[in-house]
Amino acid sequence: MKEKQKGFQRRIHLGTVLFIMVITILCLGVVYYWSFVHFSHLFEDRVIDQYTFQQNQDMGVKNEWILGVTTDSIDVVESIHGADTAQRIQEQAFAQQEAEKLYRETIDGKHLLYTIQLDTENGETVYKYSVIKDIYAETFPQIAGFLVLFAIVVAAISILYSNVLTRELYSGIRRLRGYSRRIAQGKPTEPIDIQTSDREFRALAEDLEVMRQALEKSDEDRQNALQYISHEMKTPIMVIEGYASSAMDGFYPKGSLDESLKTILFQTDRMKRRVQDLLTIVRLDSLTPPEEQERILLLPCIRETMVLLGQETESQKWKVDIREDFAVHGSRQHLLVLLENLISNQIRYGTGTCSITQEDTPEHILIRFWNDGPLIPEDIRPNLFKPFVKGSSSGSGLGLPICKGIMHLFGGEIRLEDTDRGTTFLLEFPKQ
């Protein structure tokens with residue numbers, strides 16, 4: 001991890017230095033352009049002619065501030081820039097063949113930019129000198145030094161900032177790795193809360209926290225499933241084992257072989273129903289609504305389910321008020337499983353009266369399953385639709401989660417409705 005951090009820091013440092021170097025070179029290029037290329041176009045604007053120079057002398061104005069002069073007298077050049085400068089310019093004038101030529105030289109420690117023009121007057125060669133101090137050449141080292149100093153300062157600030165940034169980034173990454181290792185090892189992990197100004201990194205931490213919660217829920221469901229299987233299968237297996245052992249010894253716990261076998265078959269049927277419930281709840285998590293949905297009339301399915309449950313429904317007084325033309329769209333098999341679970345609940349918990357009624361709203365069709373049994377305890381209401389949460393010792397804890405999964409396949413919802421008496425489960429089917 002430290003090697004990765006150092007590599008990341010080196011990349012940031014190298015990138016910062018390269019960026020500063022590029023900026024510095026560009027700045028130097030701009031200064032160079034203005035001082036050595038473009039400046040020649042401004043030459044005539046930076047000098048004063050001989051008349052102005054003479055006027056200044058007559059008024060007693062010192063000419064130390066003069067940038068340059070244009071004159072046809074080498075003596076004027078000598079009086080401003082010195083004898084060595086005048087001599088060098090005069091030598092260049094005598095050797096010059098062109099009518100006009102620009103020179104850039106350092107004479108007597110001074111940077112000068114001058115032009116010599118050749119002309120003929122009365123058959124004689126006349127020289128005109130335009131001399132100016134090359135202030136850009138004089139100040140360019142200072143400008144370059146300032147830019148280099150600027151680059152060093154900016155680079156130092158950038159490196160300090162990048163060090164702070166990488167420390168913050170890798171501190172968060174180390175914490176995330178610690179979280180992920182604990183999660184992978186199945187150890188209890190506190191909620192992931194990493195404060196950072198980086199939005200992408202904060203989003204990554206939030207995604208990892210969502211994953212942690214999902215894994216914890218999955219682990220909790222797995223533990224609940226194991227406890228459920230252990231509890232629900234233990235008693236039937238013990239009964240079957242005991243009855244089978246007794247039968248092999250010639251003893252029948254129920255008095256006869258037929259009655260003992262009926263008990264064994266009852267327990268195996270109980271185990272089969274529990275296994276079927278587990279398979280259903282697992283399959284519902286991965287099912288998606290079919291592309292081609294059936295139109296299913298609800299009332300005939302209710303009647304079919306009540307016939308299937310047979311004598312169990314006769315223990316209750318039933319009121320069924322569902323329109324004969326009301327239909328839902330989806331899988332008929334799923335609808336029958338939904339109705340079987342809800343009607344079985346009605347039978348199990350009702351004391352005498354049950355009802356299935358319909359109500360229309362602008363957006364939904366509401367189907368209420370009501371029974372006059374005891375109210376569901378407040379402590380289990382929030383988790384009533386979670387797997388393995390039982391309303392009583394006789395339930396499996398899977399019926400209502402199965403109903404919730406099937407309702408999602410139909411695009412609807414199921415919830416417990418608050419009532420003063422009895423228990424009501426409300427189905428909300430969207431209007432098609």
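In what follows, every heavy atom counts, from backbone to side chain, and hydrogens, waters and symmetry copies are set aside. The chain is numbered in sequence order, starting from 1.
- We find that E428 and R415 are joined by a salt bridge, their nearest charged nitrogen and carboxylate oxygen being less than 4.0 Å apart.
- The closest side-chain donor-acceptor pair between Q117 and D119, if any, does not fall under 3.5 angstrom.
- Residue L400 holds its CG atom at 12.5 Å from CE of M407, rounded to the nearest 0.5 Å.
- Interatomic distance, CZ of R303 versus CG of L298, reported as 10.5 Å (0.5 Å rounding).
- Side-chain contact check for D372 and T351: at least one donor-acceptor pair (N or O, by modelled atom type) lies under 3.5 Å.
- Atom OG in S331 sits 11.0 Å away from atom CG in L338 (nearest 0.5 Å).
- Counted within 6.0 Å of CD on E124, heavy atoms from surrounding residues, nucleotides or ligands total 12 or fewer; the atom is thus considered open.
- Side-chain atoms of E294 never come within 3.5 Å of backbone atoms of I296 as a donor-acceptor pair (strictly under, hydrogens ignored).
- Scanning all heavy atoms of the two residues, the minimum distance from S344 to E340 falls at OG-O, 2.6 Å.
- A distance of 12.0 Å separates CG in N371 from CD1 in I343, rounded to the nearest 0.5 Å.
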Legend entry - side chain to side chain contact (heavy atoms under 4.5 Å, CB included) between W318 and T353, worked out: CA-CA 6 Å; W318 286 88; T353 304; over 6 Å; no
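- A donor atom on one side chain and an acceptor atom on the other are not found under 3.5 Å apart for E413 and H364.
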Inset, instruction - Before giving the answer on side chain to side chain contact (heavy atoms under 4.5 Å, CB included), spell out for I132 and L112 the whole-Å C-alpha distance, their side-chain angles and the decisive distance to 0.1 Å. - result: CA-CA 6 Å; I132 186 174; L112 297 177; over 6 Å; no
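- With hydrogens and angles ignored, the 3.5 Å screen pairs a side-chain donor or acceptor of Q346 with a backbone N or O of W370.
- With hydrogens and angles ignored, the 3.5 Å screen pairs a side-chain donor or acceptor of Q96 with a backbone N or O of I116.
- Between F425 and F369, the gap from one ring centroid to the other reaches at least 6.0 Å.
- In this structure, CG on L426 lies 5.0 Å from CG on L366, to the nearest 0.5 angstrom.
- Contact record, G422 with L375: O-CD2, 2.8 Å, taken as the closest heavy-atom pair.
- In summary, R368 and E417 engage in a salt bridge, as defined by a charged side-chain N under 4.0 Å from a carboxylate O.
- Donor-acceptor pairing under 3.5 Å is recorded for the side chains of Y114 and E105.
- Taking every heavy atom of both residues into account, G82 and K110 meet most closely at N-NZ, 4.4 Å.
- Here the closest heavy-atom approach between residue T423 and residue P374 is recorded as OG1-O, 3.1 Å.
- Contact record, I322 with T357: CD1-C, 3.7 Å, taken as the closest heavy-atom pair.
- At a cut-off of 3.5 Å, with distance as the only test, no side-chain donor of Y129 or Q92 sits close to an acceptor on the other residue.
- No more than 12 heavy atoms of other residues, nucleotides or ligands sit less than 6.0 Å from atom CD of E363.
- A distance-only check finds no donor-acceptor pair linking the side chain of Q358 to the backbone of I365 [under 3.5 Å].
- Between R88 and D108, none of the side-chain N atoms (NZ, or NE/NH1/NH2) sits under 4.0 Å from a carboxylate O, so this pair counts as no salt bridge.
- Contact detail for I414 and C403: the closest heavy-atom pair is CD1-CB, 4.0 Å.
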